[in-house]
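What follows is a set of notes on a single structure, which appears directly below.
Below, chain A is the first sequence line, B the second, and so on; all start at residue 1. Remember, it's a predicted structure, so these values are computed and weren't measured experimentally.
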There are 2 protein chains.
Amino acid sequence: MPKLVDHEERRRHLGAAACVVLARAGSVGMTVRAVAAEAGMALATAQHYLPTRERMVRAAIDHLAARVVRRARGIPADPVTSEVIRQAVRELVPLDAERSFEARVWLVLTAEALVDAEIATLLAQSEVELRSNLRRLLTRAQAGGAIDARVDPRDEAAALATLLDGITVRVLTTGLDPAEAGEEIDRHLARLARQRDREPLTGGAGAGGRAESGASA
Amino acid sequence: MPKLVDHEERRRHLGAAACVVLARAGSVGMTVRAVAAEAGMALATAQHYLPTRERMVRAAIDHLAARVVRRARGIPADPVTSEVIRQAVRELVPLDAERSFEARVWLVLTAEALVDAEIATLLAQSEVELRSNLRRLLTRAQAGGAIDARVDPRDEAAALATLLDGITVRVLTTGLDPAEAGEEIDRHLARLARQRDREPLTGGAGAGGRAESGASA
DNA sequence: ACCTATATCGGTCAAATGACCGACGATCTA
DNA sequence: TAGATCGTCGGTCATTTGACCGATATAGGT
């Protein structure tokens, strides 16, 4: 037997390269050659592990999901405070370079999903998962008294999902300043807690001067 | 002189065809041949009016903007009631087939804007215009007492823009039911009016935030 | 040392695509 | 009627792209 390479590792590497290409050149620019070059291997070598362009796109989705999930695990959720929810929401919005990168890939894939049924299925699944996680967070936060007991966790989870997608699109396409986006998110979240008793969030939420990030022109 | 054709009319026709192709086949599938075929003319004829693919994309954007603007004009805005705002918002979300078509084109173009600076500029302009229109509606509604006098029209216009983009993405990609999307919109709008004769807004959103940059447009 | 299975890669092919050119024809004016 | 001007279109070219094949190198196992 020869070198014996970890195929899955290669595929993950190619998936990461595919994400880079997607973020840089979009759906049109993501060619098998560009992905291979980004991964630092010959065209045929890349195709040895991911034979078709479609497989490369799937690998990119897997890589993207893995990144988000790994970062999401970093958030402690034992006592679900409003700050935890705030962190979770900010984790999914392009407020810094890393998240902006992921959001760009996501947006490209989302548009591609309109034509490619398989991509649509994968993205829809992750959205369902996201919404269910948000709902769970909200329910636990409600149990802990962190947010208003009268709001419906299901509705609010949907509203948060809408907020995430909307903010993401606006930051990426219109020149919406990440700092303003953060304030907009905080205003939304403040509403969840404000009705509980008078104004628990006004101090920490809005006023904080957030560090901006480079952001695109 | 020969037939003397209205060039602009031809370009509009091609722009409409380009939108159809974009909605059907996405950015990758929008080839000059596909647009020409959709428009019912020979390839060279189409290229006679729109020489490059880029020009065709621009024509598609123009067509899309024209459609939305024309429909927006149909909304009476003399007394800006909350129902007027509701109509305006629903006008921009894929709740039926026609709007779904436009939203698909918009999403494809939005993703393309990440790579194409010119598309990005055009889309950003229309977003600024949209937000300013929303802000104007909110201000007038506030003057008429249709919504809470304490909310900041600028912030709420931004929140509505986010809501629009988010709902659009979720309806198109996840299988979000248009009916549920409508309810989600109504919940958002209800909040604007509810606080009018309800509880405190705790110092208002403007207090915490930096109220600078008056004319963001 | 030999051999087999695997990795890597250069080269190639058919199809598609954007762009271009020149010819034909229609139509209005002088 | 003749000429000029413009619309229309078939055909073509260079390039790119996805996919494929066979050759070569390499690293184990026997």
Report, as yes or no, whether the 6.0 Å neighbourhood of atom [atom1] on [X] holds more than 12 heavy atoms from other residues, nucleotides or ligands.
X	atom1	result
A:E129	CD	no
A:R135	CZ	no
B:R58	CZ	no

Kindly say if [X] contacts the phosphate of [N], meaning a side-chain N or O under 4.0 Å from OP1 or OP2.
X	N	answer
B:R10	D:dG7	no
B:H7	D:dG7	yes
B:T45	D:dC9	yes

Criterion side chain to side chain contact (heavy atoms under 4.5 Å, CB included) against B:L160, the qualifying member of B:L137, B:I185, B:D155, B:L138: B:L138

Qualifying residue, where the test is side chain to side chain contact (heavy atoms under 4.5 Å, CB included) with B:W106 and the options are B:V68, B:D165, B:L92: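 Passing option: B:D165.
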
In this structure, how many angstroms lie between the [atom2] atom of [N] and the [atom1] atom of [X], rounded?
X	N	atom1	atom2	result
A:D6	D:dA27	CG	C1'	17 Å
A:E9	C:dA7	CD	C1'	14 Å
A:H48	D:dT26	NE2	C1'	13 Å
A:H13	C:dT8	NE2	P	12 Å
A:R55	D:dG18	CZ	P	16 Å
B:L50	D:dC9	CG	C1'	17 Å

Test side chain to side chain donor-acceptor pair (under 3.5 Å) applied to A:Q87 and A:E83, A:R90, A:E91, the passing residue: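 Going through A:E83, A:R90, A:E91 one by one, the side chain to side chain donor-acceptor pair (under 3.5 Å) with A:Q87 is satisfied by A:E83 alone.
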
Flag, side chain of B:R154 to backbone of B:S132, donor-acceptor distance under 3.5 Å: no

Salt bridge (Lys or Arg N to Asp or Glu O under 4.0 Å) partners for B:E112, two or more places apart: B:R53

Side-chain H-bond candidate by donor/acceptor type, B:T162 with A:E184, under 3.5 Å: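 Judged by distance alone, the side chains do pair up.
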
From C:dA7, D:dC9, D:dG7, nucleotide with atom closest to B:M41 side chain: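 Closest of the options to the side chain of B:M41: D:dC9.
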
DNA chain C contacts among residues 108-120 of chain A, heavy-atom distance under 4.0 Å: none

Are any protein N/O atoms closer than 3.5 Å to N/O atoms in nucleotides 16-20 of chain C? If there are, list each pair with its distance.
{"residue": "C:dG18", "atom": "OP2", "partner": "B:V32", "partner atom": "N", "Å": "2.9"}
{"residue": "C:dG18", "atom": "N7", "partner": "B:R33", "partner atom": "NH1", "Å": "2.7"}
{"residue": "C:dG18", "atom": "O6", "partner": "B:R33", "partner atom": "NH2", "Å": "3.1"}
{"residue": "C:dA19", "atom": "OP2", "partner": "B:R53", "partner atom": "N", "Å": "3.0"}
{"residue": "C:dA19", "atom": "N7", "partner": "B:Q47", "partner atom": "NE2", "Å": "3.2"}
{"residue": "C:dC20", "atom": "N4", "partner": "B:Q47", "partner atom": "OE1", "Å": "3.1"}

